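Here the structure is a predicted model, which is why all the values come from computation and not from measurement.
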Amino acid sequence: MALVPYEEGAGWAARQLHNPWATFRFASSTIRLRQDWRRLGVAAVVWDAAVVLCAYLEMEGVDLRDRSVIELGAGTGLLGIVATLLGARVTMTDREAALEFLESNVQANLPSELRPRAVVKELTWGKDLDNFPPGTFDFVLGADIVYLEETFAELLQTLEHLCSEQTVILLACRIRYERDHKFLKMLRDRFSVYEVHYDSSKDVHIYKAQRGTLKDDF
């Protein structure tokens, strides 16, 4: 979910995770994000799945203009910031301990006229659902949020609460372990799911899910 420290490793990837800053270029904007691995663990670094999903939203022309979007496990805020820059009204959610950090990145990277379109809000999966009107979002986004098996039931409960028949879920993730396949099976028991993109260079899959029959467009 978030706030789970991984063991520090060696090599280029580990150095990137422990860098205090990460810079990206999306939606004709430079996004410079603060990272804080030591204090907040996985919630405070940019993962490849977020980068791949941002690129997918932009390159595939997913129309987010004036759409209502909620991001689960927003972490550093990259995905939600990009969705806002692409025209969406975005609610970025994470656990309470990560919110101040998330808010600081959002404020630093959105122009003043767009900041009212980006809201940072606490959400612990399966527990804070009354704070979110059911079925009111056009899109639910999540990047690398499928990795702790003990959260799968709460994550699915949250998705079911947030989604109407028209809501589109886009999840970007690495399939690292057998438990990840288990989550996809659980998701398919409740939603229509198919893979819409695979980035072989980063080994990241993007899945689209929706209640009922999936529509080909967005």
Exercise. Given Asn105, which of Leu33, Val120, Leu78 fulfils the side chain to side chain contact (heavy atoms under 4.5 Å, CB included) condition?
Worked result: Leu33
Exercise. Which heavy atom in Ser164 sits nearest to a heavy atom in Gly135, and how many Å separate them?
Worked result: CB-O, 3.5 Å
Exercise. Is any side-chain heavy atom of Cys163 less than 4.5 Å from a side-chain heavy atom of Val140?
Worked result: yes
Exercise. Is there a side-chain contact between Glu195 and Tyr198 (heavy atoms, below 4.5 Å)?
Worked result: yes
For this session: Measure the shortest side-chain to side-chain distance between Asn131 and Leu123 over non-hydrogen atoms and say whether it is less than 4.5 angstrom.
Result: no
For this session: Of all the heavy-atom pairs spanning Phe26 and Ala55, show the shortest one and how long it is.
Result: CE2-N, 3.6 Å
For this session: Using the side chain to side chain donor-acceptor pair (under 3.5 Å) rule, collect all pairs that involve residues 110-123, keeping only residues at least two apart or in two chains.
Result: Asp66-Arg117
Problem set entry | Separation between CD of Glu150 and CG of Leu155, rounded to the nearest 0.5 Å | 12.0 Å
Seminar exercise, completed: Sorted by chain and number, sequence neighbours left out, ring-ring contact (aromatic ring centres under 6.0 Å, His included) with Phe24 holds for none
For this session: Kindly give the heavy-atom pair with the smallest separation between Leu72 and Thr93, and that separation in Å.
Result: CA-OG1, 3.5 Å
Exercise. Of the non-hydrogen atoms in Gly77 and Leu102, which two are nearest, and what is the gap between them?
Worked result: CA-CD1, 3.4 Å
For this session: Applying side chain to side chain donor-acceptor pair (under 3.5 Å) between Arg174 and each of Asp203, Asp48, Asp144, report the one that passes.
Result: Asp48
For this session: Kindly write out the residues that satisfy ring-ring contact (aromatic ring centres under 6.0 Å, His included) with His197, not counting sequence neighbours, or none if the list is empty.
Result: Tyr56
For this session: Using the test ring-ring contact (aromatic ring centres under 6.0 Å, His included), find all partners of Phe183 that sit at least two apart in sequence or belong to another chain.
Result: Phe152
Exercise. Is Glu160 salt-bridged to Arg190, going by a charged N under 4.0 Å from an acidic O?
Worked result: yes
Exercise. Run the side chain to side chain contact (heavy atoms under 4.5 Å, CB included) check on Thr23 and Ile31 step by step: do they pass?
Worked result: CA-CA 6 Å; Thr23 303; Ile31 301 166; over 6 Å; no
Problem set entry | Validation row: Trp125, Gln157 side chains within 4.5 angstrom (heavy atoms) | no
Exercise. Just wondering, do Pro20 and Gln35 contact through their side chains at under 4.5 Å, heavy atoms?
Worked result: no
For this session: Heavy atoms only: give me the nearest Thr158-Gly126 pair and the separation to one decimal.
Result: OG1-N, 2.9 Å
For this session: Determine, step by step, whether Phe101 and Asp94 satisfy the side chain to side chain contact (heavy atoms under 4.5 Å, CB included) criterion, reporting the C-alpha distance in whole Å, the side-chain angles of both residues, the deciding distance to 0.1 Å, and the verdict.
Result: CA-CA 10 Å; Phe101 173 81; Asp94 214 313; over 6 Å; no
Exercise. Excluding sequence neighbours, so at least two apart, what forms side chain to side chain donor-acceptor pair (under 3.5 Å) with Asp189?
Worked result: none
For this session: List in chain and number order the residues that pass ring-ring contact (aromatic ring centres under 6.0 Å, His included) with Tyr207, two or more places apart in sequence or in another chain; answer none if no residue qualifies.
Result: His205
Exercise. Below 4.5 Å, heavy atoms only, C-beta onward: do Thr151 and Leu148 meet side chain to side chain?
Worked result: yes
Problem set entry | Glu100, CD: over 12 other non-hydrogen atoms inside 6.0 angstrom | no
Exercise. Of the options Val168, Ile70, Thr167, Ile169, which is the one that meets Phe139 in a side chain to side chain contact (heavy atoms under 4.5 Å, CB included)?
Worked result: Val168
Problem set entry | side chain to side chain contact (heavy atoms under 4.5 Å, CB included) between Leu141 and Val69, intermediate numbers included | CA-CA 7 Å; Leu141 305 180; Val69 173; 3.7 Å; yes
Exercise. Considering only heavy atoms from C-beta outward, does the side chain of Leu187 approach that of Leu159 to under 4.5 Å?
Worked result: yes
Problem set entry | Distance-minimising heavy-atom pair for Met186 and Ala153 | CE-N, 4.3 Å
Exercise. Do Arg65 and Arg67 touch side chain to side chain, with heavy atoms closer than 4.5 Å?
Worked result: no
Problem set entry | Candidate pair Cys173 and Asp180, rule side chain to side chain contact (heavy atoms under 4.5 Å, CB included), full reasoning | CA-CA 9 Å; Cys173 56; Asp180 302 333; over 6 Å; no
Exercise. Are Thr76 and Arg34 close enough, and set up right, to give a side chain to side chain donor-acceptor pair (under 3.5 Å), and what steps lead you there?
Worked result: CA-CA 7 Å; Thr76 62; Arg34 193 161 57 91; over 6 Å; no
Exercise. Transitively linked via ILVMFWY side-chain contacts under 4.5 Å: Leu57 with Val196?
Worked result: yes
